Amino acid sequence: MASHRKPRQRPLSGGPVRTTAATLALAGAATVTTFEGTSQADPRPTPAQVKSEVDRLYQEAEAATEQYNGAKEQADEAERALTGLREETARKTDQLNTARSALGTLAASQYRSGSLGTAVQLALASDPQEYLSQAAFIARAGDRNAAGITTVRRRLDEVGKLREQASGRLADLRSRQQELASHKAVIEEKLTAAKNMLARLTAEERAAYEAGSPGGSAGGSAGAPAGSAASEGNTPPPPPDGSRAARAVAFAYSAIGKPYVWGATGPGSFDCSGLTQAAWRSAGVSLPRTTYTQINAGRRVSRDQLAPGDLVFFYSGVTHVGLYIGNGQMIHAPRPGSTVRLAPIDSMPWAGASRPA
């Protein structure tokens, strides 16, 4: 019967030939995809490309660091001013409260003694002479009352003005703090990108970068202008012992080997302008905080007039500074990940020089 017939088995779709072809086609597609993926992969940058990019990132981070330093200096100033205003407001408020208390006591005394009219009090007085004496006292008290009111009004005005000034300083402080946060984010972004780029180098390539980076130990002096100390090999005479310049140079030497930390002014770490500021502070000279203000803090000097202790500046934006020590050399804090070190002044694009003392 039909119900007992063995069902016919269908062959696999396409048969063996089609199956094999399909398998080969899939394998071929996978191979093509693999090769295409390989061909689209980013090529590994050369050490020269990494160096160029990392140098750019560090320069941009240093420019942001100097902007951060300037904003922080202004924020610190605003905070000090705000603290002073708050303290002065508290003192004036105490004086206002004292004046109010004195005025209240006087008013209460007058109320108790002056509730009746002058004629009535004189008529009812058992001793008119005693009343006249009291009347003179009340008149004097009235003068004190007017003076007390004037004092309270003056104190109120003082407190109001101080609170208004404090409000303005607080708004300024908050604005500076927002600037700080913005500059800090830029700095950290640039430094992270530089770190990731350096991680793509081998240990040998990183060592070569460290040696040949701007301000590194292997920086050359090619391109020094004729007549400069670096090109002629002339060594300026050292500053006289005990001079301010000598003390600044001695401080810079003592800082060699300490780490670069952006925003740092010592004593354990420095950024570039923090180092020069600290060096001259040790000599009793106060410098502003940033590179772009330090260059105008002293007398400008030309490159062929450099003497030990002078500040030397680099890059078109005046974003880096070092302390000249003679013979075409400076001591500076180069960048994050490095330490305070000696370097040729020709290892970075020249921007100018100034003499603080």
Side-chain angles (χ1 to χ4, degrees), residues 55-56 58-71 73 213-216 219-239 243-249 251-253 255 260 262 265 270-283 285-335 338 340-357:
D55 287 348
R56 182 186 67 81
Y58 278 143
Q59 289 169 27
E60 291 175 355
E62 190 158 48
T65 296
E66 291 305 310
Q67 292 172 336
Y68 173 92
N69 291 338
E73 188 174 44
S213 62
S221 60
S228 71
S231 64
E232 296 183 357
N234 296 328
T235 303
S243 70
R244 289 178 172 178
R247 281 181 278 166
V249 169
F251 181 95
Y253 268 107
Y260 177 107
W262 65 268
T265 57
F270 302 91
D271 63 16
C272 68
S273 57
L275 173 65
T276 51
Q277 184 187 50
W280 274 100
R281 186 192 304 119
S282 74
V285 177
S286 178
L287 291 181
R289 179 64 182 91
T290 64
T291 53
Y292 48 84
T293 51
Q294 286 183 7
I295 194 171
N296 297 316
R299 178 171 64 86
R300 290 289 190 97
V301 293
S302 63
R303 188 161 175 162
D304 59 356
Q305 294 177 327
L306 287 175
D310 289 347
L311 304 179
V312 285
F313 300 87
F314 305 93
Y315 299 106
S316 59
V318 192
T319 56
H320 190 73
V321 63
L323 191 77
Y324 188 68
I325 59 170
N327 198 27
Q329 299 287 311
M330 66 176 170
I331 297 174
H332 73 146
R335 55 173 176 75
S338 66
V340 176
R341 64 183 65 176
L342 285 162
I345 62 171
D346 299 314
S347 57
M348 288 175 282
W350 178 261
S354 68
R355 185 167 298 158

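Because the structure is a prediction, the values reported are computed rather than measured.
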Identify, with sequence neighbours excluded, every residue that meets side-chain hydrogen bond (donor to acceptor under 3.5 Å, both in side chains) alongside [X].
{"X": "Thr319", "value": "none"}
{"X": "Arg289", "value": "Asn69, Asp271, Ser273"}
{"X": "Gln305", "value": "Ser302"}
{"X": "Glu60", "value": "Arg56, Lys190"}

I need the minimum non-hydrogen distance between [X] and [Y], along with the two atoms involved.
{"X": "Ser347", "Y": "Met330", "value": "OG-CE, 4.5 Å"}
{"X": "Ala343", "Y": "His332", "value": "CB-NE2, 3.5 Å"}
{"X": "Cys272", "Y": "Glu66", "value": "SG-OE2, 3.6 Å"}
{"X": "Ala248", "Y": "Ala283", "value": "N-CB, 4.1 Å"}
{"X": "Pro308", "Y": "Val249", "value": "C-CG2, 4.1 Å"}
{"X": "Tyr324", "Y": "Gln329", "value": "CD1-O, 3.1 Å"}

(message) Just verifying a value: how many Å separate Thr276 OG1 and Ile331 CD1, rounded to the nearest 0.5 Å?
(response) 12.0 Å
(request) For a side-chain contact (heavy atoms from CB on, under 4.5 Å) with Val340, tell me which candidate from Tyr260, Phe270, Tyr253 qualifies. (result) Phe270
(request) Please name the residue in the list Leu311, Asp310, Val312 that meets the side-chain contact (heavy atoms from CB on, under 4.5 Å) test with Leu323. (result) Leu311
(request) For residues Pro356 and Arg244, determine if any side-chain heavy atom of one lies less than 4.5 Å from a side-chain heavy atom of the other. (result) no
(request) Answer whether the closest heavy-atom distance between the side chains of Arg281 and Ser286 falls below 4.5 Å. (result) no
(request) Apply side-chain contact (heavy atoms from CB on, under 4.5 Å) to the pair Leu306 and Arg355, showing each step before the final yes or no. (result) CA-CA 9 Å; Leu306 287 175; Arg355 185 167 298 158; 5.7 Å; no
(request) Identify, with sequence neighbours excluded, every residue that meets ring pair (Phe, Tyr, Trp, His ring centres under 6.0 Å) alongside Tyr68. (result)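 Ring pair (Phe, Tyr, Trp, His ring centres under 6.0 Å) list for Tyr68, sorted by chain: Trp262.
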(message) Looking only at the side chains, is there a donor atom on one of Thr290 and Glu73 sitting less than 3.5 Å from an acceptor on the other?
(response)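 There is no such pair (donor and acceptor under 3.5 Å, judged by atom type) between the side chains of Thr290 and Glu73.
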(message) Parallel, tilted or perpendicular: which one describes the rings of Trp350 and Phe314, with boundaries at 30° and 60°?
(response) perpendicular
(request) Sort and list the pairs that fulfil salt bridge (charged side-chain N to carboxylate O under 4.0 Å, His left out) and have at least one residue in residues 320-332, not counting sequence neighbours. (result)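 Applying salt bridge (charged side-chain N to carboxylate O under 4.0 Å, His left out) to every pair that reaches into residues 320-332, excluding sequence neighbours, yields nothing.
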